[in-house]
Structures are given as structure tokens and as C-alpha cells.
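If you're wondering where the values come from, they're calculated on a predicted model, not measured in any experiment. Just so it is clear: chains get the letters A, B, ... in the order the sequence lines come, proteins before strands, and each one is counted from 1.
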There are 2 protein chains.
Amino acid sequence: MDAKMTFSAQLRMVVDNGSLENCPVRQVMQGIFGKWSTLLLLALAEKPYRFGELRRLVPDISQRMLTQTLRDLERDGYVYREVYPTKPPSVEYGLTELGYSMLKPLTGLVEWASGNFEAVKEARDKFDRAG
Amino acid sequence: MDAKMTFSAQLRMVVDNGSLENCPVRQVMQGIFGKWSTLLLLALAEKPYRFGELRRLVPDISQRMLTQTLRDLERDGYVYREVYPTKPPSVEYGLTELGYSMLKPLTGLVEWASGNFEAVKEARDKFDRAG
DNA sequence: CAGAATCCTCTACGATACTG
DNA sequence: CAGTATCGTAGAGGATTCTG
């Protein structure tokens, strides 16, 4: 894909393709924008982790959402799942090549948010004060 | 913010800060990841538009969500809102400096999605076939 | 034209309990 | 240890109607 495409060309990529429900770009974005997806991808970017380790790394995720988000990330090809037949079983999760590839632009956004959240907060406060 | 921070440092930025509800980085990301936010930001990146023009550009957005999403983007400081006292009134929306600044990393993600949605689709199909 | 108000649906997410 | 299964809730989003 041409990295120099114009904004309007990008907009068309996202708006068109029939109905929005079927737009592939939107479908990909939806998979990344869940409440826990970014967090887990960042965690796995460091090194592979086991299920229980991820729970401890992200303390307020529920067990249900950890399972489900990992499944979704695995389904989209960002994360692999490796089961070791020990007793009790241990399962390792890690990023795939596609996952690392996607993480680069995602990290750009995280870094922007880290560097600019104060400006956003100020804008919010100002907007709320203006009533 | 140091652009060279490690992934674990980024993770801590997102995980820590007390409870996740209060994490400023997450709050910023949430504002960008809505169903319509990215679409509207891309549209406004080209040039300022009026309310009705945006409706036509993004046909399947409901009037309610267009209003609300524009309000949210304005509140976070990404979008300005300019009212012209004509009859009937016309309202122009456009990106602020902060909006353009944020759009750069966001565009990186959109371009990644545009270039890789087929790989994601293949991963999904393979996963679903495996049952 | 650019919205506000109202009502409704759907699903993402959480809490809890149970299992190979 | 690494999950399933079930139930319940809050909020995002949609459809419709009304207005300065």
C-alpha cells in the first residue's frame, strides 16, 4: 500500500467498500481498539508470557476478558498460542511477525498519547468549564 | 516524552497510574478509538467541512452520533467548531493543531490496516476453519 | 441547516462459580 | 494452571421526532 496516499484516498478506503460493516480497514481497526487489546500487545511486545503472568501484569483485567482478548488477537494473527503438555498445563502467548509489524504504528499512537495527555486534559477541562 | 522508551516502560505508563480508570494514556486512546472518531478525523484532515457535508461524506453515520462524536473530538481539543450567523445557520468543523499532531500517528495505523487487512482476513479464516 | 430530546437495542465487559 | 459456563449490567450506538 502506498504510504503517500492522500487523506481523501485514505478516507475512501475506510468509507467505501460497500457498507461500513464490510469495510476491511474498519474491521482491522476494531480488532485493535478494544479495551484490553493494546495493553496486552504492549505486554507481549517485551517477551512471551504465560496466562497467569499476564493476569499479574494487568491486574484489573477479568479472567474472562483476558481469555477472550487473547483469543481475538490470536484469531487476527497478532498472537500465537503455544500449549506445553505439563501437569498442570502451561500456555505461552507471544507476538507473531504480523503482531510485531502492527505494533510499530500502534506504538506511535501510544507514544503520542503519553506525550500529549496533558494537552488533552487541559482541552477537556476548558471545554467543561465553558459549559 | 522520550520516543525511545522501552515497551515495558510504555506498558507501565498504561497499566500504572493507580486504577486503570484514571490512566491518562488510556483516556486519550479511548477518545480516538470510537466507532466514528477515526473516520471523522480523516475527513477533516483534508479540509474543514460543515455538518451536512460530513453527513454526506460518511453516509451511514446517524445524526445523533455525528453530533456527539464531533462534540467529543472538540472537547478533547482535536477539532474546532466555528458558527457562522447566517440564516439558516452554518457550522464549520476543522482540525486544530493538536488534531493534526495526533492524526500523524493515527494515520500510520490506518495505513498499516490498509496494507495488511488481507493478512488479517486470512488469519481469521484459518482460525475459524480450524474450529 | 444544524442540532436537541426521547426511546430502544445490542454487545462489550464484569462477577461468580465450576473443571480437566 | 488455564481455562469454560452462566448470568447480569452499563454504555455505545441507532431510529425517530421535534425545533430555533
Quickly work out the Leu66(B) CG to dG14(D) P distance and round it to whole Å.
11 Å
Heavy atoms under 4.0 Å, any strand shown: does Arg50(A) hit a base, just sugar-phosphate, or nothing?
sugar-phosphate
Using a 4.5 Å cut-off on heavy atoms from C-beta on, say whether the side chain of Thr96(A) contacts that of Val79(A).
no
Is it the case that the base of dA2(D) and the side chain of Glu53(A) share a donor-acceptor contact (distance under 3.5 Å, atom types as modelled)?
no
Take Leu54(B) and Leu70(B), measure what side chain to side chain contact (heavy atoms under 4.5 Å, CB included) needs, and give me the verdict at the end.
CA-CA 10 Å; Leu54(B) 287 171; Leu70(B) 285 172; 4.0 Å; yes
Which nucleotide, dG3(D), dG20(D), dC1(D), lies nearest any side-chain atom of Thr67(A)?
dG3(D)
To the nearest Å, give me how far apart CD1 (Ile32(B)) and P (dA12(D)) are.
16 Å
Look at the side chain of Arg64(B) and the base of dG3(C), then say whether one donor and one acceptor between them are separated by less than 3.5 Å.
no
Taking atom types as they are modelled, would you say the side chain of Gln63(A) forms a donor-acceptor pair with the base of dA17(C) within the 3.5 Å cutoff?
yes
Could you tell me how far apart Leu70(A) (CG) and dT4(D) (P) are, to the nearest whole angstrom?
11 Å
Could you check how far CD of Glu92(B) sits from P of dA2(C), rounded to whole Å?
11 Å
Applying a 4.0 Å non-hydrogen cut-off, can you work out what Tyr84(A) is touching in the nucleic acid: base, sugar-phosphate, or nothing?
nothing
Of Pro89(A) and Tyr93(B), whose nearest nucleotide on DNA chain C comes first from the 5' end?
Tyr93(B)
If you take all heavy atoms of Ala43(B) and Leu57(B), which pair is closest and at what distance?
CB-CD1, 4.3 Å
Please state how far atom CG in Leu39(B) lies from atom P in dA12(D), giving the value in whole angstrom units.
19 Å
Minimal non-hydrogen separation, Thr38(A) against Ile32(A), with atom names:
OG1-O, 3.6 Å
Charged N-O contact under 4.0 Å between Arg129(A) and Asp125(A)
no
Counting any heavy atom closer than 4.0 Å, what does Arg55(B) reach on the DNA or RNA strands: base, sugar-phosphate only, or nothing?
nothing
Would you tell me if any nitrogen or oxygen in the side chain of Lys35(B) comes within less than 4.0 Å of OP1 or OP2 on dG14(D)?
yes
May I ask you to say what Phe33(B) touches in the nucleic acid, namely base, sugar-phosphate or nothing, with a heavy-atom cut-off under 4.0 Å?
nothing
